[in-house]
Participant: 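Just passing along the structure, written as structure tokens.
Basis for what follows: all heavy atoms, side chains included, without hydrogens, waters or symmetry-related copies. Just so you know, residue 1 is the first one in the sequence shown, and it goes up from there.
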Amino acid sequence: MSKKSAKIAELIAGCEGREMNAYYLGYFECFNRGYFFEAHDVLEELWLAQGKTGPNYAFYKGLIQFAGAFVHLQKGRLGPAGALFKLTRANLLQYPSPHERLDLDLLLGLIGEWLGHLDGAAINPFPTRPAPQLGLINPAARPSV
């Protein structure tokens, strides 16, 4: 097991026992630390378990694609990043906001911003525009992403 794998396993273990699935919560922990590939891997566990007819299949797929877009940005692949942002948007538009305590309206706005940064860009905007921090809505508070 690599050091990073152990770190991710520790993050997931730290999410156990909370009111939401540890893998779902682990996605946000990984994403917010800049572990975009790992965020993809963590959420893939839930996505694959859904099957193509599961109620959150497209939702999890969209979040996986969102993390994947940032993997491409880390590697300087602007075209594939833009394509994944568009696929993310298409998948998330299938759900009302909020969904699974995630403010999809805010997330869709972020996707629009990143697509704007990439539109006609010759230089990768990622080094000067860090990835957003994602958060879940506290049921007793106002939404935030």
Side-chain angles (χ1 to χ4, degrees), residues 1-15 18 20-52 54-139 141-145:
M1 175 181 287
S2 74
K3 287 182 183 180
K4 189 170 265 191
S5 296
K7 185 180 283 190
I8 301 307
E10 187 177 322
L11 282 173
I12 300 300
C15 294
R18 297 188 196 169
M20 299 191 84
N21 184 285
Y23 287 91
Y24 182 65
L25 297 174
Y27 169 86
F28 296 98
E29 291 284 337
C30 290
F31 188 94
N32 289 340
R33 294 173 188 227
Y35 302 154
F36 305 117
F37 185 81
E38 292 78 9
H40 162 281
D41 270 357
V42 166
L43 197 57
E44 195 170 64
E45 295 284 329
L46 286 178
W47 178 61
L48 292 173
Q50 283 285 294
K52 292 184 179 185
N56 282 326
Y57 181 80
F59 175 69
Y60 294 146
K61 185 176 182 179
L63 292 179
I64 289 167
Q65 291 166 329
F66 188 66
F70 285 97
V71 170
H72 284 299
L73 286 174
Q74 284 176 321
K75 296 180 178 192
R77 297 187 290 224
L78 306 187
L84 278 179
F85 282 130
K86 290 174 185 174
L87 289 171
T88 299
R89 182 173 52 201
N91 279 303
L92 296 182
L93 281 170
Q94 299 177 42
Y95 296 89
S97 184
H99 184 74
E100 296 292 332
R101 292 185 37 200
L102 183 62
D103 186 333
L104 294 180
D105 292 334
L106 287 174
L107 185 52
L108 290 166
L110 290 170
I111 292 167
E113 287 177 27
W114 277 95
L115 285 170
H117 297 320
L118 292 174
D119 187 33
I123 299 171
N124 188 352
F126 186 65
T128 59
R129 287 183 167 74
Q133 295 287 294
L134 303 178
L136 296 175
I137 298 168
N138 179 338
R142 180 140 170 74
S144 67
V145 168

Participant: Without swapping roles, check the side chain of N124 against the backbone of L78 for a donor-acceptor pair under 3.5 Å.
Facilitator: no

Participant: Please verify the inter-ring angle class for Y95 with H99; under 30° counts as parallel, over 60° as perpendicular, anything in between as tilted.
Facilitator: tilted

Participant: First locate atom CZ of R89, then atom CD of Q65, and finally report the distance between them rounded to the nearest 0.5 Å.
Facilitator: 12.0 Å

Participant: Taking the ring of F70 and the ring of F85, is the distance between their centroids below 6.0 Å?
Facilitator: yes

Participant: Indicate the atoms forming the closest heavy-atom contact of A67 with F31, along with that distance.
Facilitator: CA-CE1, 4.0 Å

Participant: Do N56 and L46 pass the side chain to side chain contact (heavy atoms under 4.5 Å, CB included) test, and can you show the C-alpha distance, the side-chain angles, and the key distance before you say yes or no?
Facilitator: CA-CA 9 Å; N56 282 326; L46 286 178; over 6 Å; no

Participant: Test your reading of the model: is there a side-chain donor-acceptor pair from N91 to the backbone of L87, 3.5 Å cut-off?
Facilitator: yes

Participant: Start with the C-alpha distance between L73 and W114, add both sets of side-chain angles, then the distance that settles side chain to side chain contact (heavy atoms under 4.5 Å, CB included), and finish with yes or no.
Facilitator: CA-CA 10 Å; L73 286 174; W114 277 95; 3.7 Å; yes

Participant: Ignoring hydrogens, what is the shortest heavy-atom contact between A131 and F126? Give both atom names and the distance.
Facilitator: N-CE1, 3.7 Å

Participant: Testing the basics here: between T88 and F66, what is the closest heavy-atom pair and its distance to 0.1 Å?
Facilitator: OG1-N, 3.1 Å

Participant: What's the separation between atom OH in Y57 and atom CG in L48, rounded to the nearest 0.5 Å?
Facilitator: 8.0 Å

Participant: Does Y60 use its side chain to pair, donor to acceptor, with the backbone of Q50 at less than 3.5 Å?
Facilitator: no

Participant: Quick one: NE2 on H117 to CZ on R129, what's the gap to the nearest 0.5 Å?
Facilitator: 4.5 Å

Participant: State, with a plain yes or no, whether a side-chain heavy atom of L104 is found less than 4.5 Å away from one of F59.
Facilitator: yes

Participant: After noting the C-alpha distance and the side-chain angles of L63 and W47, does the key distance pass the side chain to side chain contact (heavy atoms under 4.5 Å, CB included) rule?
Facilitator: CA-CA 10 Å; L63 292 179; W47 178 61; over 6 Å; no

Participant: Look at the side chain of Q133 and the backbone N and O of N32, then say whether any donor-acceptor pair between them is shorter than 3.5 Å.
Facilitator: yes

Participant: Between L102 and Y24, which heavy-atom pair has the shortest distance, and what is it?
Facilitator: CB-OH, 3.9 Å

Participant: Could you measure the distance from the CG atom of D103 to the CD1 atom of I137? Nearest 0.5 Å is fine.
Facilitator: 4.5 Å

Participant: Please name the pair of heavy atoms, one in A69 and one in L84, separated by the smallest distance, quoted to 0.1 Å.
Facilitator: N-CD1, 3.6 Å

Participant: Which atom names give the shortest non-hydrogen contact between C30 and V42, and what distance separates them?
Facilitator: SG-CG2, 4.1 Å

Participant: Which value, rounded to the nearest 0.5 Å, describes the distance between T128 atom OG1 and I123 atom CD1?
Facilitator: 9.0 Å

